[in-house]
Protein chains: 2
Amino acid sequence: MHGEVNKRRKNRRPTMVDVAREAGVALRTVSRVVNDDATVGSELAKRVHDAIAALDYRPDERARHLRLGVTGTLGAAVRQLSHVNPVLRAVERAARAADLMVLAASTEDDERLERRVVESMCRRRFDGIVLEPIGADHGYLLPELAAGLSLVAVDRPVLGLEVDCVISDNMAGIQAAYGHLTAHGHRRIAYIGDDERIFTAQERASAFRASVAGAGGGLDGMVHTGPIEPGRIARALTTARAGGATAVITGNATISVEVVRGSDDRRMAIVGFDDSELATLLRPDLTVVAQDDQAIGATAIDLLRSRIADHGRPVTRVTVPVELLARGSGEQPPP
Amino acid sequence: MHGEVNKRRKNRRPTMVDVAREAGVALRTVSRVVNDDATVGSELAKRVHDAIAALDYRPDERARHLRLGVTGTLGAAVRQLSHVNPVLRAVERAARAADLMVLAASTEDDERLERRVVESMCRRRFDGIVLEPIGADHGYLLPELAAGLSLVAVDRPVLGLEVDCVISDNMAGIQAAYGHLTAHGHRRIAYIGDDERIFTAQERASAFRASVAGAGGGLDGMVHTGPIEPGRIARALTTARAGGATAVITGNATISVEVVRGSDDRRMAIVGFDDSELATLLRPDLTVVAQDDQAIGATAIDLLRSRIADHGRPVTRVTVPVELLARGSGEQPPP
């Protein structure tokens with residue numbers, strides 16, 4: 001035990017007090033030198049710098065943040081870190097270009113986890129947060145926003161709160177997918193989407209329902225929304241087939257994977273929402289509604305930096321256009 | 001300007017001083033209540049709690065960390081956040097089970113960026129860091145380790161330093177892939193791998209060279225390593241074909257994607273290192289050397305927590321077994 005205690009002592013990080021002792025100056029002098037106070041005499045400053053070098057003293061960033069009020073860090077609270085996320089990639093790039101570090105955490109689309117992650121980032125006083133919000137109740141954000149939190153929502157707005165956000169034109173995307181399939185002769189089309197607790201999922205499903213309703217005579221559609229679970233998606237696909245659907249529109253790239261996996265005969269026409277690297281590896285390749293991830297990420301960082309610079313500026317909501325990319329799976333006629 | 005200043009003032013977060021004023025107690029009393037000091041009288045404590053509620057005062061986690069010396073947070077510095085990373089997913093799960101939050105940042109396999117990310121996490125006094133190390137020079141870690149940094153390397157060891165690490169059995173994986181292809185009749189096999197600056201890439205390429213050398217008469221191999229760029233990989237594949245290779249072993253899942261994309265006729269046999277969701281979507285499906293991501297992630301968190309608990313414990317290096325999954329692409333005979 002004794003040896004361990006000694007090791008711990010030996011290994012502790014040197015503090016400003018150690019530097020002051022080593023340099024033979026007052027603690028206050030060390031603090032002024034560390035904070036680049038130009039009124040410290042050059043000889044005194046040199047003694048402090050020598051002591052800092054001798055002890056390999058490193059300032060504690062947390063203490064520095066407390067003094068300066070900025071951290072140079074943005075938080076990103078996203079659905080899942082370990083999934084392909086081109087928007088997060090664009091966010092990281094834009095932040096890096098502005099010399100800001102992004103520290104990210106997963107919310108797993110779990111409301112409680114989102115709250116824990118965001119509140120922790122607030123308590124760390126990150127300069128701002130990029131959030132993929134989940135759920136309908138974001139009341140917990142109110143006191144943080146009132147206290148000066150800079151926040152931008154991506155992919156989904158923060159429901160019920162006036163917060164900057166950047167989302168894709170979901171309505172136009174679904175309309176384009178639906179129109180594309182009917183133009184190729186499909187009369188019964190299924191939509192298989194994400195959990196409608198998620199705003200984007202709800203918006204896409206609604207756009208699909210509106211497309212079907214607007215198309216009028218002879219056209220029919222069926223909507224299957226729910227959690228992204230392979231079993232649930234496989235069952236939705238089976239039901240759609242049994243109901244006579246000849247084409248599927250998917251709500252996101254993960255659902256596209258499961259739908260392709262389930263359509264082994266490749267006879268269903270498919271238009272996927274979201275492009276992905278595997279879209280061009282399939283036979284036929286996947287027709288998709290591609291989001292402009294680069295624009296979403298860069299716009300999110302722009303809005304966040306503007307908000308940090310001026311907390312009172314008007315709330316901005318940006319809708320980014322999408323594009324239908326025809327590659328084969330969406331151009332198959334009904335059997 | 002005046003309005004803006006007022007807004008800023010109104011929006012500033014309440015401090016302990018505000019709480020003390022509101023409660024009519026000494027600042028020191030507020031501090032004791034916030035830190036759950038049981039020696040504060042219950043009536044005094046109630047006044048402080050009422051003031052905290054009235055002002056919606058929230059303690060600054062950074063100040064709290066400074067006092068307590070722990071942050072409840074692990075850092076993860078990985079190649080790229082926005083890519084599929086099952087190890088990071090397992091790391092997050094294991095950390096969450098231990099009530100630790102993971103804040104992650106991308107290093108983009110750039111040595112300077114890795115250093116910037118890791119040093120920033122050190123200055124924030126994260127309790128420990130999970131690192132996918134890049135490059136040969138990790139000298140910058142020495143003072144951090146001496147000062148008590150708890151670090152575990154995943155996928156690759158930290159070269160030249162005694163640091164806990166968890167890696168896959170790359171040697172056994174490549175030997176299994178090579179043996180599998182020769183058993184299916186292939187005599188000229190190409191290895192297309194990642195940049196050999198990365199330890200894992202170097203180890204896999206070396207294992208391939210050793211397999212070829214050990215196989216003896218009539219067998220031949222060619223090695224193409226370099227950055228993960230579609231153009232570079234496409235050229236390597238063309239060269240391999242022109243040189244008479246009938247089979248390819250890839251160094252990781254991203255390279256597998258590009259090799260599949262480039263072998264449009266599906267006549268090359270392929271064994272990929274790393275499993276992925278698209279491996280079972282191809283025609284034929286992809287034979288892979290699968291890593292045990294779950295075991296790697298959970299072991300990394302185990303090692304990190306043990307290191308945090310006992311900074312002087314012996315350095316541990318864990319090698320996790322891999323498994324060859326035959327699915328079709330690796331069982332094709334030479335044409």
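Residue numbers begin at 1 in each chain, while the letters A, B, ... track the order of the sequences.
Looking at B:E144, both its backbone and its side chain come within 4.5 Å of chain A, counting heavy atoms on both sides. Contact of B:V78 with chain A is not made at all, since no heavy-atom distance falls under 4.5 Å. With a 4.5 Å cut-off on non-hydrogen atoms, A:V87 does not touch chain B at all. Residue B:V102 touches chain A through its backbone alone, counting heavy-atom pairs closer than 4.5 Å.
Here B:L113 contributes atom CG and A:M101 contributes atom CE; the two are 6.5 Å apart, rounded to the nearest 0.5 Å.
When all heavy atoms of A:E92 and B:L81 are compared, the pair lying nearest together is OE2-CD1, 3.6 Å.
Side-chain contact check for A:R96 and B:S106: no donor-acceptor pair (N or O, by modelled atom type) lies under 3.5 Å.
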